[in-house]
Amino acid sequence: MLSSAVLLLAAGHLAAAVPAASSASRPAETTVEPSLTAIQSAEATVKPVTTVWLENIDFQSAAGDPNMAWLATQGITLSNYYATTHPSEPNYCAAAGGDNFGMDNDDFNTVPANVSTIVDLLDTKSISWAEYQEDLPYAGFTGFNYSTNQKTYANDYVRKHNPLVFYDSVTNNATRARQMKSFVDFETDLKNQQLPQWAFFTPNMTNDAHDTNITFGAKWERSFMAPLLNNSYFMNDTLILLTFDENSSYGIANKVFSILVGGAIPENLKGTVDATFYNHYSTIATISENWGLPSLGRWDCNANVFDLVASKTGKSNAVLNFNDKHVYFNASYPGPLSDALYSNVWPIPTNSSTCANGKGVLPSIVKTYAGQKATFNYTSVYPYDALTGLDVPSQ
Ligand SMILES: *[C@@H]1O[C@H](CO)[C@@H](O)[C@H](O)[C@H]1NC(C)=O
Ligand SMILES: *[C@@H]1O[C@H](CO)[C@@H](O)[C@H](O)[C@H]1NC(C)=O
Ligand SMILES: *[C@@H]1O[C@H](CO)[C@@H](O)[C@H](O)[C@H]1NC(C)=O
Ligand SMILES: *[C@@H]1O[C@H](CO)[C@@H](O)[C@H](O)[C@H]1NC(C)=O
Ligand SMILES: *[C@@H]1O[C@H](CO)[C@@H](O)[C@H](O)[C@H]1NC(C)=O
Ligand SMILES: *[C@@H]1O[C@H](CO)[C@@H](O)[C@H](O)[C@H]1NC(C)=O
Ligand SMILES: *[C@@H]1O[C@H](CO)[C@@H](O)[C@H](O)[C@H]1NC(C)=O
Ligand SMILES: *[C@@H]1O[C@H](CO)[C@@H](O)[C@H](O)[C@H]1NC(C)=O
Ligand SMILES: *[C@@H]1O[C@H](CO)[C@@H](O)[C@H](O)[C@H]1NC(C)=O
Ligand SMILES: *[C@@H]1O[C@H](CO)[C@@H](O)[C@H](O)[C@H]1NC(C)=O
Ligand SMILES: *[C@@H]1O[C@H](CO)[C@@H](O)[C@H](O)[C@H]1NC(C)=O
């Protein structure tokens, strides 16, 4: 699926899952009022980062699409960018909280309030943020899905493609919840020059290729991006990640076609390829590196940072030998949001001072989990031990 974020068009990221059924109809009310007000005190000096995610398309199919190929000429193709597992929802979850908590489903999952997200990191420097979810009926909507066609209920907005909505630390806070906005709000914020510095865009199920195909999704993405690429306000120092939540073939490595575009891309790098290993956790790590923010102490801790940013800050990225490591990223580990490998233990984040290139872990997270030993149990699915220093926080 396509989804994007202002500050990285894709970034994403927790324990005792409560798979719950949602009610069949849209709730009559929520605790959150719609708002046109953007988060305040944005720092004008930092780069906005935006992420747009499309859905379920294999790397080769996406790379072969002419509109994707055109977008690639506008930026840097990331040829070793991986999702974290299947299906969709855990990947969106990962981009917000630095973990998918073993999720292997698209259920009405919620993550407890003591689990932090990228929002807590951004808040430490008053960096403005928002999500733009196409066809979200109103800002702060937390329902399972919504269709603009109230006769056919055609697939449209779906909760499973909204990275922040899983987190109680976001939805229980009205100020935060109303930063989950719609594409209509995006047009308003763009016109008023009130875009946030970090944003995540999720097109609807038609445009993100989920219910259509790469030809349709890529055409939509090009039509969405082309005018923005010519908008000097939108482009000003902006880095946009265009990516997919997951590859559609479960039986192979879960690589997703990804492109960095935007005003932050120097002319001489347009049309080039960066083969560094990245995954959805790299989006959080890149945000931390770009703004000097701490880590969530989860899979973002030592994740590789986009070279465009890492080369400026001197952060060295780890090299992964895929042939040796047999890393596929196509299954979930035993966790509190896993159906197949359920474990009632929510992972305890690390407090390592090495996270986020030496910025360490967000102090409120260290305090919350003080005295508890970090628990990561990823070895049962992948040889993650071999990746220590790459995407497994030190314990
Ligand atoms: C939308 O939510 C309703 C109620 O939970 C459910 O019956 C339906 O299958 C959902 N549709 C989609 C596309 O998720
Ligand atoms: C998705 O959004 C497009 C406009 O971008 C709209 O034409 C289409 O009808 C929407 N899809 C659904 C299922 O509502
Ligand atoms: C609610 O969210 C705002 C904005 O992110 C934040 O400043 C505030 O601390 C949050 N409140 C609580 C109780 O977490
Ligand atoms: C792609 O999806 C669009 C919209 O649903 C459809 O019109 C078109 O025929 C599809 N193309 C292929 C090759 O399936
Ligand atoms: C920007 O606009 C110019 C003409 O005004 C056009 O030639 C160019 O293709 C546009 N660029 C993009 C990325 O759409
Ligand atoms: C770009 O940002 C700089 C400072 O951050 C500002 O001075 C300039 O006016 C901006 N340009 C546009 C076109 O918004
Ligand atoms: C993941 O991919 C590997 C390599 O192709 C394959 O052997 C394995 O069965 C896949 N796992 C799942 C859960 O599909
Ligand atoms: C899915 O990603 C893998 C890389 O991990 C790529 O080799 C493969 O081509 C993709 N699937 C298809 C059918 O393109
Ligand atoms: C976090 O919240 C969950 C769910 O309420 C609880 O089980 C867990 O003990 C809490 N962890 C800490 C460190 O407070
Ligand atoms: C970090 O966690 C370890 C236990 O895993 C503990 O011994 C240490 O005191 C913690 N450090 C801080 C700063 O909380
Ligand atoms: C880790 O996962 C494996 C495989 O599911 C399980 O056997 C083991 O008990 C788990 N270890 C911990 C510490 O939870």
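The figures that follow rest on heavy atoms only: side chains count, while hydrogens, waters and symmetry mates do not. All ligand and atom numbering here is 1-based and tracks the order in the structure. Throughout, residue positions are numbered sequentially from 1 according to the sequence presented.
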Taking atom NE2 of His280 and atom CG of Asp300, what is their separation to the nearest 0.5 Å?
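That separation rounds to 14.5 Å.
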For atom 6 (C) of ligand 4, which candidate among Thr212, Asn213, Ile214 holds the nearest heavy atom?
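Among Thr212, Asn213, Ile214, the closest heavy atom to atom 6 (C) of ligand 4 belongs to Asn213.
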Shortest protein heavy-atom distance from atom 4 (C) of ligand 4, along with the residue and atom involved:
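Looking at atom 4 (C) of ligand 4, the protein heavy atom closest to it is Phe216 CD1, 3.7 Å.
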What are the atoms of ligand 1, with element, lying closer than 4.0 Å to any heavy atom of Asn155?
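Close to Asn155: 13 (C).
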What atoms of ligand 1 come closer than 4.0 angstrom to any heavy atom of Phe144?
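The list of qualifying atoms is 2 (O), 5 (O).
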In terms of atom number and element, which parts of ligand 3 are under 4.0 angstrom from non-hydrogen atoms of Asn173?
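Near Asn173, meaning under 4.0 Å from one of its heavy atoms, ligand 3 has 1 (C), 2 (O), 3 (C), 8 (C), 10 (C), 11 (N), 12 (C), 14 (O).
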At a 4.0 Å threshold, what atoms of ligand 3 neighbour a non-hydrogen atom of Asp123?
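Listed by number with element, the hits are 4 (C), 5 (O), 6 (C), 7 (O).
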Under the side-chain contact (heavy atoms from CB on, under 4.5 Å) test against Ile259, which residue among Ile265, Leu71, Thr243 passes?
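Going through Ile265, Leu71, Thr243 one by one, the side-chain contact (heavy atoms from CB on, under 4.5 Å) with Ile259 is satisfied by Leu71 alone.
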Tell me if a side-chain donor or acceptor on Glu289 pairs with a main-chain N or O of Asn357 at a distance below 3.5 Å.
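Here the side-chain-to-backbone pair does not exist.
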Main-chain N/O of Tyr82 paired to Asn279 side chain as donor or acceptor, under 3.5 Å
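No.
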Please work out which of the three classes, parallel, tilted or perpendicular, describes the rings of Phe186 and Phe234, given edges at 30° and 60°.
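Because their plane-to-plane angle is over 60°, the rings of Phe234 and Phe186 count as perpendicular.
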Plane angle bin for Phe141 and Tyr138 - parallel if under 30°, tilted between 30 and 60°, otherwise perpendicular:
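Rings of Tyr138 and Phe141: perpendicular, over 60°.
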Does the protein place any heavy atom closer than 4.0 Å to atom 2 (O) of ligand 4?
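Yes, there is a protein heavy atom closer to it than 4.0 Å.
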Ignoring hydrogens, tell whether any protein atom lies closer than 4.0 Å to atom 14 (O) of ligand 4; use the non-hydrogen atoms only.
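For atom 14 (O) of ligand 4 the answer is yes, since some protein heavy atom falls inside 4.0 Å.
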Below 3.5 Å, N or O to N or O, backbone or side chain included: is there any such pair between Thr215 and ligand 4?
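No.
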If I apply the N/O under 3.5 Å rule, does Arg176 come out as touching ligand 3?
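Between Arg176 and ligand 3 (N or O atoms, distance only) the closest approach is under 3.5 Å.
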Are the charged groups of Asp123 and Arg176 less than 4.0 angstrom apart, N to O?
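Salt bridge present between Asp123 and Arg176.
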